[in-house]
Amino acid sequence: MFSEKTKKRPPKIPTKARLRNIALYYLERFETSKDNLYLVLKRRIDKYAFFDKEYDPSQAYIWANEIVEECSKKNFVNDERFAEYKINSYLRAGKPKRYIEQKLKQKGIDDKAITDFFEETEYNELEIAKNFAQKKKIGPFRESKEKQLENYQKDLSTLVRAGFNFDIAKDVLDSSLE
C-alpha cells in the first residue's frame, strides 16, 4: 500500500551531542523555560524508547538535565526572561491574569516568580477585559445596542469563561448600556 519513500524513518538514537543540537535548534526558534526545554528533550528520548523497546533512557535523561543546566548557565534559557516575555505577550492579547498564571505554571514557572512579575507589571484587569471584548467583538463592541442586549448573557459567559472576574465582566458589558 505504501511505497518505500512514504514510510516513516525510525527515530535516531539520542546521544548527548544529538540532544544538545536538538536543544540549541529549539532555542534558536523559541524562548522557553528550563522545565519546558527538558520536556522537549524528554519527548525525543521517549519517542526513541517507544520505538526501541530494549533501549534504557535513564542515561539520556541525565544528559537532558545536564544540557538544560548548561543552557541555563550560558543564559540561553532564563525563566525570568521567558515569564516576562509571555506575560507581556498575553497582556497584549487581552488574556486575564488567571489564564496567564495557568499557562506559566504549565511551562514550569514557580508561583513566586509569577506574583513578582504581576507586581512589577502594570495590570489593569478592566482594561484587559475591554481589550479582550474588542478583539472578540462582544459587548460594547457589537454593531448595535439591540445586539448587545440580545447577547448580554452570552457575552458575559464568554468573558467569565476566558478567566475574567464576574464583576469585571459585568462592568465591561454594563459600561456601554448606560
Side-chain angles (χ1 to χ4, degrees), residues 19-44 64-65 67-178:
L19 290 172
R20 181 178 288 112
N21 288 339
I22 290 166
L24 292 175
Y25 183 65
Y26 186 82
L27 290 170
E28 282 178 12
R29 296 175 296 148
F30 306 107
E31 183 71 39
T32 191
S33 66
K34 288 195 266 186
D35 285 356
N36 194 54
L37 181 61
Y38 178 76
L39 288 175
V40 167
L41 297 175
K42 185 178 180 307
R43 273 194 302 269
R44 271 303 178 86
N65 274 324
I67 291 166
V68 169
E69 287 306 313
E70 178 183 320
C71 289
S72 179
K73 285 178 185 161
K74 291 181 179 178
N75 205 24
F76 296 158
V77 177
N78 184 320
D79 285 353
E80 290 79 22
R81 184 178 63 219
F82 172 72
E84 185 177 335
Y85 166 76
K86 288 308 253 183
I87 286 173
N88 289 331
S89 174
Y90 286 137
L91 289 176
R92 280 192 307 277
K95 301 296 183 186
K97 186 176 180 181
R98 278 189 277 179
Y99 176 89
I100 297 169
E101 289 172 344
Q102 289 303 314
K103 286 294 186 180
L104 290 176
K105 285 178 188 175
Q106 288 173 358
K107 296 293 184 180
I109 306 299
D110 64 352
D111 291 336
K112 185 186 178 310
I114 295 170
T115 305
D116 291 345
F117 286 115
F118 271 112
E119 288 174 1
E120 293 171 10
T121 307
E122 288 184 32
Y123 180 79
N124 182 342
E125 192 166 13
L126 183 61
E127 290 302 316
I128 300 294
K130 285 181 181 176
N131 185 15
F132 179 83
Q134 184 175 9
K135 285 182 183 263
K136 295 291 184 181
K137 295 185 172 108
I138 61 174
F141 303 99
R142 287 197 182 270
E143 54 272 3
S144 68
K145 290 270 187 206
E146 295 81 35
K147 292 275 188 190
Q148 287 180 32
L149 290 170
E150 186 179 312
N151 293 298
Y152 184 85
Q153 286 297 322
K154 183 179 177 185
D155 293 347
L156 186 63
S157 299
T158 300
L159 286 165
V160 172
R161 272 194 311 272
F164 292 104
N165 184 326
F166 181 77
D167 294 330
I168 297 288
K170 279 189 68 68
D171 289 347
V172 168
L173 297 179
D174 292 342
S175 65
S176 66
L177 297 175
E178 294 172 352

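Between K135 and F132, the closest side-chain pair of non-hydrogen atoms is not below 4.5 Å. Contact annotation: the side chain of I128 never approaches that of P96 to less than 4.5 Å [non-hydrogen atoms, C-beta and beyond].
Salt-bridge check for E31 with R81: passed, with a basic side-chain N closer than 4.0 Å to an acidic carboxylate O.
Judged by distance alone, the side chain of T115 and the main-chain N or O of D111 form a donor-acceptor pair under 3.5 Å. A donor-acceptor pair is defined here as one N or O able to donate and one able to accept, closer than 3.5 Å; such a pair exists between the side chain of D110 and the backbone of A113. The backbone N or O of K34 lies less than 3.5 Å from a partner atom in the side chain of D79, making a donor-acceptor pair.
With sequence neighbours excluded, the residues satisfying side chain to side chain contact (heavy atoms under 4.5 Å, CB included) with N65 are Y38. Taking K112 as the reference, D116 meet the salt bridge (charged side-chain N to carboxylate O under 4.0 Å, His left out) condition, with sequence neighbours excluded. K136 pairs by the side chain to side chain donor-acceptor pair (under 3.5 Å) definition with nothing, not counting sequence neighbours. With sequence neighbours excluded, the residues that form a salt bridge (charged side-chain N to carboxylate O under 4.0 Å, His left out) with K42 are D46. Applying the salt bridge (charged side-chain N to carboxylate O under 4.0 Å, His left out) rule to D167 yields no partners; only residues at least two apart in sequence or on another chain are considered. Taking the salt bridge (charged side-chain N to carboxylate O under 4.0 Å, His left out) definition, one finds that R44 meets it with nothing, sequence neighbours left out. E84 pairs by the side chain to side chain contact (heavy atoms under 4.5 Å, CB included) definition with N88, F117, not counting sequence neighbours. Partners of Q102 under the side chain to side chain contact (heavy atoms under 4.5 Å, CB included) rule, at least two apart in sequence or in another chain, are K105. With sequence neighbours excluded, no residue forms a ring pair (Phe, Tyr, Trp, His ring centres under 6.0 Å) with F76. In this structure, K107 has no side chain to side chain donor-acceptor pair (under 3.5 Å) partners at least two apart in sequence or on a different chain. In this structure, the side chain to side chain contact (heavy atoms under 4.5 Å, CB included) partners of K95, at least two apart in sequence or on a different chain, are Y90, A93, Y99, I100.
When each of Q148, R142, K147, K137 is tested with D155 by the rule side chain to side chain donor-acceptor pair (under 3.5 Å), just one qualifies, namely R142.
Heavy-atom minimum distance, A83 versus I109: CB-CG2, 4.2 Å. The two residues R92 and N131 make their nearest non-hydrogen contact at O-ND2, 3.4 Å. Across G139 and L173, no two heavy atoms sit closer than the pair CA-CD2, 3.3 Å. Minimum heavy-atom separation, S33 to V77: C-CG1, 3.6 Å. The shortest heavy-atom contact between K130 and F141 is O-CE1, 3.5 Å. Residues L19 and A64 come closest through the heavy atom pair CD1-N, 4.5 Å.
Expressed to the nearest 0.5 Å, how far NZ of K103 lies from CD1 of I87 amounts to 14.5 Å. Note: F164 CZ to L126 CG = 9.5 Å, rounded to the nearest 0.5 Å. Here L41 contributes atom CG and N36 contributes atom CG; the two are 10.0 Å apart, rounded to the nearest 0.5 Å. Atom CG of D174 sits about 3.5 Å away from atom OH of Y152, to the nearest 0.5 Å. Taken from CG in L156 to CZ in R161, the straight-line distance is 10.0 Å, to the nearest 0.5 Å. Put simply, NZ on K97 and CG on L91 are 10.5 Å apart, with the number rounded to the nearest 0.5 Å.
Among residue pairs with one or both ends in residues 69-78, those qualifying as side chain to side chain donor-acceptor pair (under 3.5 Å) are R20-E70, N75-N78; sequence neighbours excluded.
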